[in-house]
Every structure is written in C-alpha cells, then in structure tokens.
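Since the structure is predicted, the reported quantities are computational estimates derived from the model, not experimental observations. Residue numbers start from 1 in every chain, and the chains themselves are labelled A, B, ... in the order their sequence lines are given, proteins ahead of strands.
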Amino acid sequence: MQNFAKNERLCSKSVIDQLFTQGHSFFKHPLKIKWLQGQWDSNNSVKVVISVSKHRFKKAVDRNKIKRLIRESFRLNKFVLENGLKGQKVYLAIIYTSNEMPDFATLNRVINDVFHRLNLDYEKLSG
RNA sequence: AAAGCAGUGUGUUCUGUCGCCAUAAUUUAAUUUUAUGGAGGAAAGUCGGGGCAAUAAAAGGCGCCAUACUUCCUAACGGGAAGGUUUCGCAACCGGCGAAAACAGCAAGUGCCACAGAAAACAACCGCCUAAGUCAUCGUUGCAUGACCGGUAAGGGUGAAAACGUAGAGUAAGAGCCUACGAUAUGGUUUGGUAACAAACCAUAUGGGUAAACCUUAUGGAUUGAAAGACCAAAUAUACCCGGAGAUCUUUAUGAUCGGAAGCUGCCCGCUUUAUUCCGGGGGGGUAGGUCGUUUAAGACCGGAGGUGACUCCGGCCUAAGAUAAAUGACAGAAACCUGAGCAUUAAUCAGGAACAGAACCCCGCUUAUAGCACUGUACGGUAC
RNA sequence: CGGGGCGUAGCGCAGUCCGGCUAGCGCACCUGGUUUGGGACCAGGGGGUCGAAGGUUCGAAUCCUUUCGCCCCGA
C-alpha cells in the first residue's frame with residue numbers, strides 16, 4: 001500500500017529530541033538523514049519527521065511545497081525500506097539542506113537511493 | 001488613436017490514477033468501505049478597533065498615551081461617506097473636472113531660529129533730525145555753533161524669514177499719526193446652510209516662523225492575550241488519611257497463644273505508642289497526553305424599501321476549511337488565455353509561459369505585494385495672446 | 001502568537017533624547033620620514049548619499065509615517 005497515514009508520522013517532542021541527540025546520521029545531497037531504532041505498538045515499521053529550514057526558505061509557500069514533495073516521494077518509495085527492515089522499527093528524520101527548489105523527479109530518485117543506503121547501514125549495524 | 005503611469009475589479013476550467021485532513025453512515029479483534037466537504041484577496045505585515053477570557057477596580061482627580069475642519073455611518077477604530085477650506089494639475093485667464101492634505105490653537109504661556117546681518121522679536125549699530133528743554137561759547141546775540149537730554153523704523157551689499165503695500169498729506173526729521181485705494185486678522189450683526197463655512201455691512205487691530213518643540217483646549221483609553229482560560233488525567237515521586245507488619249495453632253475469624261522496639265517504673269506485670277522503615281488502600285495538587293475553547297457569525301446569497309452616500313431596515317433561503325512537528329498534494333492529459341515562430345493578414349501547426357502568495361481563536365478596517373485580462377483617470381469647454 | 005532592540009567608512013563603535021557645530025574615534029588602507037631592511041614610532045592623507053522611500057522644517061543621521069533586513073526575549 002502506498003499510503004501515508006497519521007501513525008507513520010513522528011509527533012512526540014521527546015522522541016524527536018532523542019532522535020536528534022542519539023540518532024545515526026548520513027548525508028546525500030540535498031538531504032540529511034537521521035535514524036534510530038525504536039519500539040511502538042502499531043504495526044507500521046517507520047515513523048518519520050520531515051523538516052525544511054525557515055532560514056533557507058523564507059516563504060511558507062515554498063516550505064510547504066518542499067515538504068509535500070518529500071512526503072509524496074516517501075510514500076512512493078516506502079516499500080524499499082519496509083522490505084529491507086524485515087519487521088524492525090525505525091524512527092527517521094529527513095532534513096532538506098539545499099537553497100534551491102527541487103523538482104519531483106530528481107527528489108524521487110534521491111529518496112530511493114537514500115532508502116537503499118539506509119538498509120545497508122542498518123544491516124551493518126545489527127550484524 | 002495610444003504606449004506609459006495611477007486607481008478599481010477579476011485572480012482559469014475539466015478528466016483520469018495514486019494519496020492527505022475532517023464529518024457522517026456502515027462494519028470490526030485492530031479497522032475497512034462508501035458518501036460529502038477541504039485556502040486568499042490579500043490567508044501576509046501585526047498598524048488600528050472590537051468580540052471572547054482571566055486578573056484588577058467605588059466615583060472622581062493627578063500623571064501617561066492616543067486622536068484633532070464639519071455633519072453623518074459603524075459594535076468600535078487612527079476606518080468609511082458626504083460636505084467645507086487650502087494647495088496642486090489640465091492652464092496664460094474664467095468656468096468645470098480631477099488629485100492631495102498630521103486642515104484645533106503660536107492673537108494663552110515658555111523655548112528655539114545655525115551662518116550671515118545693525119537687529120531674529122520689549123528692534124536704535126550706521127544713518128537722518130536738533131523743533132522743544134538745560135548748559136556753555138561769542139568780532140556776529142542769532143532761524144548761530146557745540147554738548148547734554150533726546151526724537152526717528154523713510155534708507156542700509158545680509159538672510160529661509162526684517163516689523164501691512166502703493167500714493168498723498170504732514171513734520172525738525174519721521175512714522176497707520178491722518179486720508180484714499182488695497183491686503184490680512186479678530187469681534188459683532190444680518191442672510192443662506194444641521195454644521196464646518198460662504199456673502200454683505202460695521203467696529204477694532206497690523207501681532208515673523210516653529211506645536212511631525214514643550215505645551216493649551218476638547219474627546220477617548222484599566223492590564224494582559226487563545227501559549228488567554230475551563231475540564232479529564234497514565235507513569236514516577238509524594239503532603240495528608242486509613243488499615244496492617246514476625247512465629248505457631250485451627251473452628252479461617254472483628255480468633256487464640258508466644259514474641260520485637262520505645263515510653264511510663266529501679267525491675268517484672270500491666271497500659272500506651274510503633275515512627276523517621278516496609279506493605280496495601282484512599283487521596284489532593286499536578287507532568288506526559290487528551291477534551292473543550294474552535295468555528296452559527298457585528299454570517300453569506302437573493303429580493304424589496306429608505307438614504308446624495310457610507311449604511312440601515314424588512315422578508316426569504318442556506319450553513320460554507322478546521323489542521324495541531326500542523327491536511328488541502330503528485331503525475332498524466334485536454335480546453336480557454338498570453339508571448340514568440342509561422343503567414344500579406346487570419347486560421348491551422350510548433351515551442352514556451354501563467355503573478356503575489358498558504359488559514360492556526362474569530363470578526364471589521366488599514367497598509368504592503370501582485371502576471372494576464374477588463375474598466376476608469378491622466379486625455380474637457382470658452383476667452384485672450 | 002505576543003513583546004523589545006539594532007542598521008552610520010573595509011571592521012568595531014560615538015553622535016539621534018533636546019534639528020544647524022567640518023559626521024567623529026580606534027583598528028585597517030595610502031604617502032613621506034626614521035632603519036642596512038622590516039616591525040614599532042613620527043608626520044600627513046584618502047574613504048560615508050548615516051538601510052530605503054515619502055513628509056514636516058529655511059534646514060533632517062537626528063522629528064513623523066510607510067517599508068526592507070538582522071538580532072534577542074516570553075513557553
């Protein structure tokens with residue numbers, strides 16, 4: 001299913017603090033990724049938070065646009081990550097760090113690469 | 001005729017696939033499925049005003065802040081409408097039209113006005129005048145000369161600004177001191193107007209600018225903002241309250257027996273307590289989190305009536321985003337619009353473009369940003385040269 | 001959402017309340033002197049539309065209005 005429901009979003013402030021202080025991170029232009037293994041009740045395998053800096057994009061319209069594009073490509077590529085994780089659960093933060101507006105095609109490709117990379121890192125870490 | 005500039009209005013529609021948020025129905029172990037709805041004229045800036053909420057508070061005064069032609073509209077406003085005055089534009093003049101105005105008061109008081117200039121506000125530095133008064137002088141006894149006491153704003157290369165303007169009369173010299181014409185201000189009367197104000201007449205005056213200087217007058221203003229505020233409430237710790245604490249027996253109970261610590265006593269018995277420890281229960285405040293506040297309102301649309309207008313009244317009809325690390329999207333296609341190529345021109349065709357910008361308690365305004373398109377103004381008439 | 005502050009020379013700051021004074025100070029920069037040469041020192045010099053636009057005034061960095069950018073605070 002290529003949907004994106006409410007329980008796949010990370011909303012708790014304390015968990016976000018934990019993710020940003022203790023999480024593993026890597027960088028793939030124009031995205032910065034932070035991730036951390038987690039535990040929760042519902043049976044989805046990822047909780048994600050998407051962030052665009054107010055410093056880089058002053059207009060709310062542009063920030064909303066970028067967040068919507070990232071969310072859309074996350075939704076379409078989520079199956080890659082779910083296959084790699086094999087039932088484990090992960091908190092994820094996606095931070096946009098460029099100064100230019102992205103277009104959907106390149107962003108989609110980057111997200112796909114990022115998820116493959118994330119799967120490799122996860123396997124390496126867990127053995 | 002029209003570019004540009006300024007203002008006002010408008011702010012593209014439809015189809016398919018996959019998704020997001022809310023509500024309703026349906027169905028479950030979680031949930032699923034279906035239907036309906038889902039950004040703006042500025043949602044922006046947060047500059048005014050109000051609702052709403054909490055706190056404070058007799059009335060009133062002082063202080064502080066804001067506003068300032070008039071009448072009206074509005075819940076209210078620093079907003080709006082109509083009107084007046086002044087200035088500006090068409091424009092040389094008149095009418096007319098349009099635009100702008102922080103347009104109360106400096107003739108209530110105080111302060112300031114650099115440089116220059118005699119002087120920047122109770123004006124005698126130079127200049128002009130010695131008629132009157134006092135004193136002195138003398139070949140001249142005067143309509144003399146000199147000094148003192150004075151008079152005088154007509155003239156003076158300045159300056160942003162110089163003490164009503166021009167002409168006459170008058171005088172020793174002069175002066176609105178007086179006269180004529182003109183200008184301005186204040187007060188009064190009459191007429192028109194709800195009023196600001198306008199016109200006419202009379203009287204008085206001639207007082208430089210500055211209140212986006214202090215200030216005066218009039219009017220208004222309590223403070224803090226939905227992160228306000230109300231309610232529910234896990235985990236952990238816990239004020240306070242209640243019950244209990246080890247061992248043995250059995251009839252399993254509000255049971256019996258033995259025992260520990262402390263106090264009363266010198267000691268035993270007996271009585272009382274048992275906390276600062278631990279266990280169980282209650283319990284208040286309250287964190288994470290959640291619910292309400294929160295979208296039915298100074299509401300939209302249609303029709304009628306009143307008013308120059310802002311706007312008001314009456315009737316009908318409708319309910320229209322509601323998220324909370326924050327939904328309203330992505331991809332593909334079509335139509336209309338604009339630009340370029342194409343063509344003598346139009347059409348077909350091809351390529352490209354489509355602004356400013358995203359609700360966060362809710363309204364009314366203001367301000368600022370806006371591609372393309374539409375409309376209005378700039379862009380009237382007469383007279384004179 | 002609400003509140004407060006700052007934009008002046010390449011850099012860091014005065015001056016703004018209460019309008020006129022050459023828009024000033026330190027570092028940096030340039031020229032000359034000093035030294036065998038450099039630094040330090042001495043003397044002299046250049047560089048500013050006071051964030052932007054409009055207004056008030058004879059006159060605005062300063063007063064008023066609008067606007068742009070930056071920073072801080074309240075949970």
Next on the checklist: With rounding to the closest Å, how many angstrom separate the C1' atoms on B:U70 and B:C47?
Outcome noted: 27 Å
Checklist entry - Any idea if B:U74 is syn or anti, going by the 90°-from-0 cut? => result anti
Item to check | Strand partner of B:A153, provided both Watson-Crick or wobble distances fall under 3.5 Å | outcome: none
Next on the checklist: Working to the nearest 0.5 angstrom, can you tell me the gap between A:F74 CZ and A:I50 CD1?
Outcome noted: 7.0 Å
Checklist outcome for this item: In Watson-Crick or G-U wobble terms, with both distances under 3.5 Å, the base opposite B:C93 is B:G382
Checklist entry - If you measure from the P atom in C:C1 to the same atom in B:C363, how many Å do you get, rounded? => result 14 Å
Item to check | Atom pair OG/NZ of A:S73 and A:K78 - distance to nearest 0.5 Å | outcome: 12.5 Å
Item to check | Between B:U248 and B:G259 - C1' atom distance, rounded Å | outcome: 11 Å
Checklist outcome for this item: Judged by whether its glycosidic angle lies within 90° of 0, B:A39 is syn
Checklist outcome for this item: Contacts of A:Y91 meeting ring pair (Phe, Tyr, Trp, His ring centres under 6.0 Å) (sequence neighbours excluded), chain-then-number -> A:W40
Item to check | Reported CZ-to-CD1 distance for the pair A:R71 and A:I94, which is rounded to 0.5 angstrom | outcome: 11.0 Å
Checklist entry - Using atom P of each nucleotide, how far apart are B:G246 and B:G285 to the nearest Å? => result 35 Å
Checklist outcome for this item: Between the CG atom in A:L36 and the OG atom in A:S25, the distance rounded to the nearest 0.5 Å is 11.5 Å
Checklist outcome for this item: With syn defined as a glycosidic angle within 90 degrees of 0 and anti as anything else, the base of B:G176 is syn
Checklist entry - Syn or anti: how is C:U16 classified when any glycosidic angle within 90° of 0 counts as syn? => result anti
Next on the checklist: Checking understanding here: a glycosidic angle within 90° of 0 is syn, the rest anti, so what is B:G41?
Outcome noted: syn
Restricting both atoms to N or O, compile the protein contacts to nucleotides 326-334 of chain B shorter than 3.5 Å, with distance only.
residue : atom : partner : partner atom : Å
B:U328  : OP2  : A:R68   : NE           : 2.8
B:U328  : OP2  : A:R68   : NH2          : 3.2
B:G329  : N2   : A:E72   : OE2          : 3.3
B:A330  : OP1  : A:K65   : NZ           : 2.7

Checklist entry - With rounding to whole Å, what would you report as the distance between B:C143 and B:U204 at their P atoms? => result 44 Å
Checklist entry - Expressed as a whole number of Å, how far does the C1' atom of B:U158 sit from that of B:C113? => result 16 Å
Next on the checklist: Between A:V49 and A:D62, which residue's closest nucleotide on RNA chain B lies nearer the 5′ terminus?
Outcome noted: A:V49
Checklist outcome for this item: Each base of RNA chain C marked ( ) or [ ] if paired in-strand (Watson-Crick or G-U under 3.5 Å), | if paired to another strand and . if unpaired gives (((((((..((((......[...)))).(((((.......))))).....(((((..]....)))))))))))).
Checklist outcome for this item: Under a 3.5 Å limit on both distances, the Watson-Crick or wobble mate of B:G280 is B:C242
Checklist entry - B:U370 pairs with which nucleotide, Watson-Crick or G-U wobble, both distances below 3.5 Å? => result none
Next on the checklist: Between B:C128 and B:C94, how far apart are the two C1' atoms, rounded to whole Å?
Outcome noted: 50 Å
Checklist entry - Taking the same atom, C1', in B:G225 and in C:G74, what whole-Å distance lies between them? => result 12 Å
Checklist entry - Who is the Watson-Crick or G-U wobble partner of B:A173, with both distances under 3.5 Å? => result none
Item to check | Contacts of A:N64 that satisfy side-chain contact (heavy atoms from CB on, under 4.5 Å) - sequence neighbours left out | outcome: A:K67, A:R68
Item to check | Pair assignment for B:C14, Watson-Crick or G-U wobble, requiring both distances under 3.5 Å | outcome: B:G333
Checklist outcome for this item: So the salt bridge (charged side-chain N to carboxylate O under 4.0 Å, His left out) pairs with at least one residue in residues 25-35 of chain A (sequence neighbours excluded) are A:K28-A:D113
Next on the checklist: Which nucleotide, if any, forms a Watson-Crick or G-U wobble pair with B:U87, using both distances under 3.5 Å?
Outcome noted: B:A99
Item to check | Whole-Å gap separating C1' (B:A325) and OH (A:Y91) | outcome: 15 Å
Next on the checklist: Please name the nucleotide paired to B:C318 by Watson-Crick or G-U wobble geometry with both distances under 3.5 Å, or report none.
Outcome noted: B:G299
Do any side-chain atoms of residues 103-112 of chain A form donor-acceptor pairs under 3.5 angstrom with protein atoms, and if so which ones, sequence neighbours left out?
residue : atom : partner : partner atom : Å
A:D103  : OD1  : A:T106  : OG1          : 3.0
A:T106  : OG1  : A:D103  : O            : 3.1
A:N108  : OD1  : A:N77   : ND2          : 2.7
A:N112  : OD1  : A:H116  : ND1          : 3.1
A:N112  : ND2  : A:N77   : OD1          : 3.0

Checklist entry - Using 30° and 60° as the class limits, which term best fits the ring planes of A:W35 and A:H24: parallel, tilted or perpendicular? => result tilted
Next on the checklist: Let's go through A:F26 and A:V114 carefully: what are the C-alpha distance in whole Å and the side-chain angles of both, what is the deciding distance for side-chain contact (heavy atoms from CB on, under 4.5 Å) to 0.1 Å, and is it a yes or a no?
Outcome noted: CA-CA 9 Å; A:F26 64 92; A:V114 161; 4.1 Å; yes
Checklist entry - Can you check whether A:I33 reaches A:F27 side chain to side chain, under 4.5 Å on heavy atoms? => result no
Next on the checklist: In whole Å, I'd like the distance from the CD1 atom of A:I70 to the C1' atom of B:A325.
Outcome noted: 14 Å
